[in-house]
Every structure is written in C-alpha cells, then in structure tokens.
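Data first, discussion second: the structure below is written as structure tokens.
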Number of protein chains: 2
Amino acid sequence: MKDKKEITREVNRKKIIQAAENVFANYGFKGATTEKIAKQAGLPKANLHYYFNTKTILYREVLEGILEEWMVAAQTFDKYDEPKIALTRYIEAKMNFSRIRADASKVWANEVIQGAVSVSKFLETTLKEWLENRVKVINDWIAGGKIEAVDPYVLFYMIWSMTQHYADFERQIAILNHGKHYNDDEFQQKTEQVVHLILKSVGLS
Amino acid sequence: MKDKKEITREVNRKKIIQAAENVFANYGFKGATTEKIAKQAGLPKANLHYYFNTKTILYREVLEGILEEWMVAAQTFDKYDEPKIALTRYIEAKMNFSRIRADASKVWANEVIQGAVSVSKFLETTLKEWLENRVKVINDWIAGGKIEAVDPYVLFYMIWSMTQHYADFERQIAILNHGKHYNDDEFQQKTEQVVHLILKSVGLS
DNA sequence: GTCTATACGTTGATAGAC
DNA sequence: GTCTATCAACGTATAGAC
C-alpha cells in the first residue's frame with residue numbers, strides 16, 4: 001500500500017521526466033536548462049533538483065525509459081514466424097513509436113549523433129546482442145528462400161532510419177507538407193507505403 | 001589580386017568554419033563553446049570573435065555552406081533521364097556525402113531535430129521547390145510505366161533517411177560493427193546494397 | 001516536501017596593449 | 001590583425017526558512 005507521500009513522489013518524478021524528455025528533444029542536452037524543464041513540469045527549479053540531484057542524472061533516467069520502450073517495440077519482430085508478417089508488424093510498431101513518441105526518438109537521435117556517450121553501454125551489449133540474433137533470423141529466411149538475399153544489417157538500418165525519420169525530421173516533413181503535420185489518416189498512408197517499399201525491397205509483396 | 005591580409009583573412013575564416021562544423025556536430029549548438037572551436041582552429045577565442053562577431057553568426061555561416069553543398073549533390077538527380085541511372089547516381093552521391101562530410105550531415109540533423117529554426121526559410125523555399133519539381137519527375141516515370149507506383153515523398157524520405165543514417169548514426173553503426181568504422185571497401189558494399197534495396201523497392205533492378 | 005534567495009562555475013563577448 | 005585579461009550574463013546546484 002502506497003502512502004500519500006510516495007504517490008506524490010512518483011507523480012512528480014513522472015511529470016519531471018516527461019517535461020525533461022520534451023525539453024531535451026527540442027534543445028539538446030546542453031541547451032535544455034533545468035529551469036525550462038521545471039517550468040514545463042509546473043514546479044520550481046529547486047524542486048526538480050530535490051528529485052533529481054543533477055541534470056545529468058535526470059538525462060540518464062530519461063534515456064533509460066526510452067531504452068525500455070525501444071526494447072518493447074523490438075519484441076514485435078519475434079512474434080511472428082512468417083517474414084512478411086514479422087517485418088510488417090515490426091515496421092508498423094516502429095512507425096507508431098515515431099508517431100506517439102517523437103520526443104523520445106529525438107532525444108535518442110541527438111544522443112547518438114553526438115557520440116552516444118551516455119548510451120554506448122546499451123549499444124555495445126543489449127542492442128548488439130538483439131541485432132546479432134535477428135541477423136541470424138534474416139539469414140535463415142534467406143537460406144530458406146523466403147526473402148531475397150540482402151545484407152541483414154543494411155535491412156535493419158533501412159527499417160530504423162526510414163521509420164525514425166518521421167519522428168526526428170517531423171519539422172522538415174511538415175514544412176514540405178504545406179506546413180502541416182500529417183494527420184492520422186496521412187500518417188497511416190505513409191506507414192503503409194513504408195511497409196510496402198521495404199517488403200518489396202526484399203522481394204516480398 | 002589579393003593582398004596578404006586578405007589571404008590570411010580567408011584562410012583563418014575557413015579554419016574557423018571547419019573547426020566550428022566539427023564542434024557543432026559533436027556537441028550541438030549550445031554545447032559547442034567558442035573556446036573549443038577556437039582551440040581546434042588553433043587560435044585564441046578573441047580572434048574567433050574578431051572574424052565572427054557572435055557564435056550565432058558563425059553557426060549560420062556553417063549552415064549556409066552545408067546548404068550549398070547539399071544542393072550540389074542534389075543536382076546529380078537531374079543529370080540522367082533513365083530512372084535507374086538517375087536514382088543510382090543520386091543515391092551514390094548522397095552516400096558519398098555521408099562518407100566524406102559526416103559532420104555536415106550531423107549539424108544539419110541536429111538543427112532539424114531541434115525545430116529547424118535557423119533553416120526554416122531554406123526548407124520552405126529552396127528545398128520545397130526542389131522537391132516539388134522532382135516529385136513531378138517521379139510521377140512522370142510512374143505514368144510512363146518506368147517505375148512502380150509509389151508515393152514520391154515517401155521515396156525521397158527513404159533515400160534521404162537511409163543515406164544520412166550512415167553519417168548521423170555512424171557511432172552506433174561502428175559499435176554494431178565490432179567497434180570499428182566501415183573502411184572504404186565496406187562502405188562501398190553498403191552503398192551498393194542501399195542502391196539495390198531502393199531500386200528494387202520501386203520495381204527496378 | 002516545497003520554495004526563495006543565493007553562491008559559484010562557465011561562457012560569450014570585449015577592452016586595450018602590442 | 002593578434003592576443004591577454006576581464007567582465008557580465010547565465011545556469012547548475014544548494015542553503016535554509018517554511
């Protein structure tokens with residue numbers, strides 16, 4: 001049973017982390033000020049430092065949350081045996097993530113572009129392991145004649161870059177789309193196109 | 001005829017801009033300090049401010065140089081009538097840009113992710129115009145039965161995101177590649193794969 | 001737990017001698 | 001044009017009253 005203080009604590013931490021993710025996404029680590037984050041979370045700056053001693057710690061916690069969600073989306077790939085279905089569901093999950101968690105994607109992109117200092121451990125261990133195993137799956141598909149012979153790494157980078165582009169470069173995309181962000185219908189159509197192009201590139205559909 | 005001072009001026013400006021591009025790429029606009037840039041350019045901070053009054057002005061000039069180069073690479077698309085050749089050469093040019101101008105690509109990515117405040121004019125005018133005209137070309141190819149019916153915007157975003165990924169996410173790619181950056185041969189192979197996958201996705205090759 | 005006031009380090013920018 | 005010394009502004013973090 002949680003007491004009142006504990007609930008307050010969790011609520012405030014969550015508010016701060018959400019605000020932080022948005023500010024980090026739009027200003028980068030250095031450009032994000034604890035003042036901006038606190039204001040957006042609706043509390044004084046000193047309060048933020050009460051919950052998260054340093055800005056760096058807060059940043060790390062934001063990143064950790066994103067990693068967890070990333071791995072959840074990644075599990076979609078393993079839920080189906082048929083290449084066409086597995087790829088389709090995975091791409092859809094990634095596109096959905098770009099749609100509803102654009103800030104998370106941007107924080108991640110900023111971090112990796114600037115050298116991945118805070119997430120290199122994750123990349124070296126969890127992500128590398130995940131990728132190596134899925135590369136084997138792709139190679140099995142190829143050996144079984146189920147998809148065309150392609151470089152599995154290039155295939156995954158294709159999926160990641162194409163889907164994440166709709167989050168990270170959403171501002172550019174909006175400008176090129178009469179200045180308006182895609183609505184749900186438009187985004188659905190783009191998702192179908194992305195799925196179609198990738199499937200086709202490996203000889204499916 | 002240029003005198004000595006004028007030459008010194010140009011040389012120093014170029015040194016500063018090159019250093020600035022590298023520092024902006026790796027630290028973002030806010031994270032980049034004029035001190036770091038000056039040190040990397042091999043001169044005192046005060047000197048940097050003599051050539052570029054403010055950090056913002058320096059940043060703008062770095063961006064402008066990148067835009068110009070971006071447009072040069074874009075011209076490759078127009079040099080060939082045959083879809084297969086035009087797309088191949090354009091993708092190769094973009095991959096080459098990612099290879100030799102990774103910092104430029106990263107500065108651009110950082111800028112767009114964080115709202116494209118300093119390049120919105122370029123996106124709204126030059127880039128939008130360029131894209132609209134090439135979309136027409138793609139639609140002509142489709143109408144002429146030369147390539148599969150695809151959403152031209154999704155096709156261009158595919159080309160941009162896939163190729164730029166090899167610059168912007170090079171750190172992640174290196175980690176996933178035994179911790180080593182691609183050498184020239186490897187990069188060449190990846191380029192061929194990227195070309196192949198994109199061509200195949202529109203029914204070519 | 002909350003919040004105001006403040007200390008302290010960092011950084012963009014300039015003054016002024018050479 | 002170059003460079004050392006310096007300053008003002010800003011931003012992280014904390015002290016200490018409530």
Side-chain angles (χ1 to χ4, degrees), chain A residues 1-63 107 110-111 114-115 117-118, chain B residues 1-63 107 110-111 114-115 117-118:
Chain A
M1 185 100 183
K2 293 170 184 173
D3 64 5
K4 213 169 179 177
K5 282 191 176 176
E6 208 169 332
I7 291 173
T8 306
R9 186 173 176 77
E10 279 178 27
V11 168
N12 278 341
R13 279 181 58 93
K14 186 152 278 180
K15 272 199 290 192
I16 293 168
I17 287 193
Q18 280 179 357
E21 183 177 278
N22 179 254
V23 176
F24 282 133
N26 291 316
Y27 297 90
F29 176 74
K30 259 287 188 179
T33 65
T34 50
E35 169 116 47
K36 246 184 221 140
I37 296 170
K39 191 167 282 176
Q40 190 152 325
L43 38 82
K45 189 171 54 165
N47 229 345
L48 180 151
H49 279 97
Y50 170 72
Y51 286 108
F52 301 91
N53 276 2
T54 70
K55 182 176 155 180
T56 302
I57 288 173
L58 173 56
Y59 180 63
R60 293 247 167 79
E61 297 220 20
V62 168
L63 282 176
V107 171
N110 272 327
E111 165 67 18
Q114 294 176 23
V117 183
S118 298
Chain B
M1 185 96 183
K2 292 170 184 173
D3 64 6
K4 212 170 180 178
K5 281 192 177 176
E6 208 169 331
I7 291 174
T8 306
R9 185 172 176 77
E10 279 178 29
V11 168
N12 278 340
R13 279 181 58 92
K14 187 153 278 180
K15 272 198 290 192
I16 294 168
I17 286 193
Q18 279 178 357
E21 183 177 278
N22 179 254
V23 177
F24 283 134
N26 291 315
Y27 298 90
F29 175 76
K30 261 288 186 178
T33 66
T34 51
E35 169 116 48
K36 244 184 223 139
I37 296 170
K39 190 167 285 178
Q40 190 152 328
L43 38 82
K45 187 170 60 163
N47 229 343
L48 180 151
H49 278 97
Y50 170 74
Y51 286 107
F52 301 91
N53 278 1
T54 70
K55 182 176 156 182
T56 302
I57 288 173
L58 173 56
Y59 180 63
R60 292 245 168 80
E61 298 220 19
V62 168
L63 282 176
V107 172
N110 272 328
E111 166 66 18
Q114 293 176 24
V117 182
S118 297

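Proteins come first, then strands; the chains are lettered A, B, ... in the order of their sequence lines, and each starts at number 1. Computation of the quantities below employed the complete heavy-atom set of this structure, encompassing side-chain atoms and omitting hydrogens, waters and symmetry-equivalent molecules.
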Proximity to the side chain of B:N12 - top-ranked nucleotide from C:dG1, D:dT12, D:dT2: D:dT2

Could you tell me how far apart [X] ([atom1]) and [N] ([atom2]) are, to the nearest whole angstrom?
X     : N      : atom1 : atom2 : result
A:F52 : D:dT14 : CZ    : P     : 15 Å
A:N53 : D:dA13 : CG    : P     : 9 Å
B:E35 : C:dT11 : CD    : C1'   : 9 Å
A:I37 : D:dA13 : CD1   : P     : 11 Å
B:H49 : C:dG16 : NE2   : C1'   : 17 Å
A:K15 : C:dG1  : NZ    : P     : 13 Å
B:Y59 : C:dT11 : OH    : P     : 18 Å
B:E10 : D:dG1  : CD    : P     : 11 Å

Could you list the protein-to-nucleotides 3-11 of chain D atom pairs, N/O on both sides, closer than 3.5 Å?
from: D:dC3; atom 1: OP2; to: B:N47; atom 2: ND2; distance (Å): 3.1

Shortest non-hydrogen separation from B:I37 to B:A19 and the atoms involved: O-CB, 3.6 Å

Over all atoms of both residues, closest heavy-atom pair of A:L48 and A:A38: CD1-N, 3.8 Å

B:K55 to B:F24 six-membered ring, cation-pi geometry met (6.0 Å, 45°): no

Quick one: side-chain hydrogen bond (donor to acceptor under 3.5 Å, both in side chains) partners of [X], sequence neighbours excluded?
X     : result
A:R9  : none
B:Y59 : B:E111
A:N22 : A:Q40, A:D103

Enclosure of A:F52 CZ (heavy-atom neighbours >12, cutoff 6.0 Å): yes

Touch class at under 4.0 angstrom, heavy-atom based, for B:Y51 against every strand present: sugar-phosphate

Selection residues 16-43 of chain B - residue pairs positive for salt bridge (Lys or Arg N to Asp or Glu O under 4.0 Å), sequence neighbours left out: B:E21-B:R101

Heavy-atom check, side chain of A:T56 versus side chain of A:F29, under 4.5 Å: yes

Close residues, residues 21-28 of chain A, relative to DNA chain D [heavy-atom separation under 4.0 Å]: none

